[in-house]
Asks: 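The following block contains the structure, expressed as structure tokens.
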2 protein chains.
Amino acid sequence: MTMQAQSEALADRLHSTAIHLLRLVRVQDAASGIGPARLSALSVVVFGGPISLNDLARAEQVRPPTMSRIVDALEKDGLACRRVNEQDRRAVIIEATAQGGKVLQQGRKRRVKFLAKHLSRLGRSELLEIERALQSIQKAFRPKA
Amino acid sequence: MTMQAQSEALADRLHSTAIHLLRLVRVQDAASGIGPARLSALSVVVFGGPISLNDLARAEQVRPPTMSRIVDALEKDGLACRRVNEQDRRAVIIEATAQGGKVLQQGRKRRVKFLAKHLSRLGRSELLEIERALQSIQKAFRPKA
DNA sequence: GATAATAATTAGCCTAGCTAAGTAATGACG
DNA sequence: CGTCATTACTTAGCTAGGCTAATTATTATC
């Protein structure tokens, strides 16, 4: 088998495995009652701290109008709030509320627990192997190199 | 580090890596001009052959009405077609058209090429390690065991 | 001070998911 | 043989989440 063919077969499997894995995780996340886009944006705000709408949109790789509506929903549910940036009154600053942080942590706990439960079916050496493989994957897809 | 904590840290990384990987792939798939749900359904029809709407919905883990509309779109674009099952005239059989097959293969080629290009930055031993890790992951998340 | 640029929002469109309700065909049972 | 339940799919109508184009408010520039 050529290096080329090996890479392609692996590419297919990698893609398929990622899809199936995330499909399973989404079911868990659904239990939080928040959609994936909101959950993901909220996590950026919770872990990264206050951020402008533009920056949040960029971090989530969506356009500002899309993020504006996601933040609308987060605000309506009391998970985040907007605040005017007094240094530049055009801009808003989005912050997580206490409840937002709590909801996110619960969701993360549920997800990680689910994943860890399945991973626990493996032995220590397999886990280490996955750990190293993830590092390699991150290396392969790291931008700018 | 306890086994438990190790599993949880790994779970987080696994999740995050899968998300970022698929985000990159989606950009490639967008070039085909077909949305992800349609592309995925089309691939089932192309690789699995003719299939009923219900079975296709189940394969894609969506409800029949959702699949009905996806097939509407595939038909409108000339990528697949419906045919009445003569053995059971309630049911329809969905088949890919020649163009559907062609479009899908092109898309797959683009995606695999993109992934393989990045993976080629790694050495043979790293690729083998990823291969083994994917097998472990599939084992860990295989249903019913 | 007029004008250009920037941050966010609003309006309006598309895809993709859902449930509930409707239609058409099949099957089962008295 | 006819009624009634079941099955396969579609239709109608909702929600979430993505987009572009156009507005509004503020800041920066000349």
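Below, chains carry the letters A, B, ... as their sequence lines are ordered, and counting in each starts from 1.
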Asks: When you measure from the side chain of B:Ala91, which nucleotide among D:dA8, C:dA16, C:dA8 comes out closest?
Replies: D:dA8
Asks: Whole Å only: how far is the CG atom of A:Asp72 from the P atom of D:dT15?
Replies: 15 Å
Asks: Is there a side-chain polar atom (N or O) of B:Arg69 under 4.0 Å from OP1 or OP2 of C:dA16?
Replies: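 B:Arg69 to C:dA16 OP1/OP2: no side-chain N or O under 4.0 Å.
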Asks: Calculate the interatomic distance between A:Glu86 atom CD and C:dA7 atom P; express it in whole Å.
Replies: 17 Å
Asks: Whether B:Asn54 contacts D:dC9 is assessed here as follows: a side-chain N or O lying under 4.0 Å from the phosphate OP1 or OP2. Is that the case?
Replies: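 Yes, B:Asn54 has a side-chain N/O under 4.0 Å of OP1/OP2 on D:dC9.
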Asks: Rounding to a whole Å, what distance do you find between A:Arg23:CZ and C:dA16:P?
Replies: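 Taking atom P of C:dA16 as the reference, CZ of A:Arg23 is at 14 Å.
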Asks: Does a nitrogen or oxygen in the side chain of A:Thr66 sit under 4.0 Å from OP1 or OP2 of D:dG17?
Replies: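 For D:dG17, OP1/OP2 do not have a side-chain N/O of A:Thr66 under 4.0 Å.
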Asks: Checking all strands, does B:Arg82 fall into the base, sugar-phosphate, or nothing category for heavy-atom contacts under 4.0 angstrom?
Replies: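 Sugar-phosphate only.
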Asks: Does A:Arg89 put a side-chain nitrogen or oxygen below 4.0 Å from OP1 or OP2 of D:dA25?
Replies: no
Asks: Got a sec: does the CZ of B:Arg23 have more than 12 other heavy atoms crowding it under 6.0 Å?
Replies: yes
Asks: Specify the separation, in whole Å, of atom CZ of B:Arg26 and atom P of D:dG17.
Replies: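 Rounded to the whole Å, the gap is 13 Å.
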Asks: Within this structure, what is the CZ-to-P distance between A:Arg90 and C:dT9, rounded to whole angstrom?
Replies: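 Rounded to whole Å, this separation is 14 Å.
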Asks: Using whole Å, what does the distance between atom C1' of nucleotide C:dG17 and atom CZ of B:Arg58 come to?
Replies: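 In whole Å, C:dG17 C1' and B:Arg58 CZ are 18 Å from each other.
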Asks: Closest-nucleotide mapping onto DNA chain D: is A:Pro65 or A:Gly35 further toward the 5' terminus? I mean the 5' end.
Replies: A:Gly35
Asks: Could you tell me the separation between the CG atom of B:Asn85 and the C1' atom of C:dT26, rounded to a whole number of Å?
Replies: 12 Å
Asks: Using the side-chain heavy atoms of A:Ala37, tell me which of these nucleotides is nearest: D:dT26, D:dT7, D:dG18.
Replies: D:dG18
Asks: Where the side chain of B:Pro64 is defined as all heavy atoms beyond and including C-beta, which of C:dA7, C:dA16, D:dT10 is the nearest nucleotide?
Replies: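 Selected nucleotide (nearest to the side chain): D:dT10.
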Asks: For C:dA16 and B:Arg38 - does any side-chain N or O of the residue sit under 4.0 Å from the phosphate oxygens OP1/OP2?
Replies: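 Yes, such a contact exists.
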Asks: When the distance from CD1 of B:Ile34 to C1' of C:dC14 is rounded to whole Å, what number comes out?
Replies: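 Rounding to the nearest Å, CD1 of B:Ile34 and C1' of C:dC14 are 16 Å apart.
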Asks: Are any side-chain N or O atoms of A:Asp77 and backbone N or O atoms of A:Leu79, one a donor and one an acceptor, separated by less than 3.5 Å?
Replies: no
Asks: Among B:Arg90, B:Arg89, B:Arg83, exactly one meets salt bridge (Lys or Arg N to Asp or Glu O under 4.0 Å) together with B:Glu86. Which residue is that?
Replies: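 Checked B:Arg90, B:Arg89, B:Arg83 against B:Glu86; only one passes salt bridge (Lys or Arg N to Asp or Glu O under 4.0 Å): B:Arg89.
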Asks: Using a cut-off of strictly less than 4.0 Å, decide whether B:Ser68 has a side-chain nitrogen or oxygen near OP1 or OP2 of D:dT10.
Replies: yes
Asks: Using a heavy-atom cut-off of 4.0 Å across all strands, would you classify B:Asp88 as base, sugar-phosphate, or nothing?
Replies: sugar-phosphate
Asks: Between the main-chain N or O of B:Ser40 and the side-chain N or O of B:Ser43, is there a donor-acceptor pair closer than 3.5 Å?
Replies: yes
Asks: So, does A:Gln105 use its side chain to make a donor-acceptor pair with the main chain of A:Lys102 at under 3.5 Å?
Replies: no
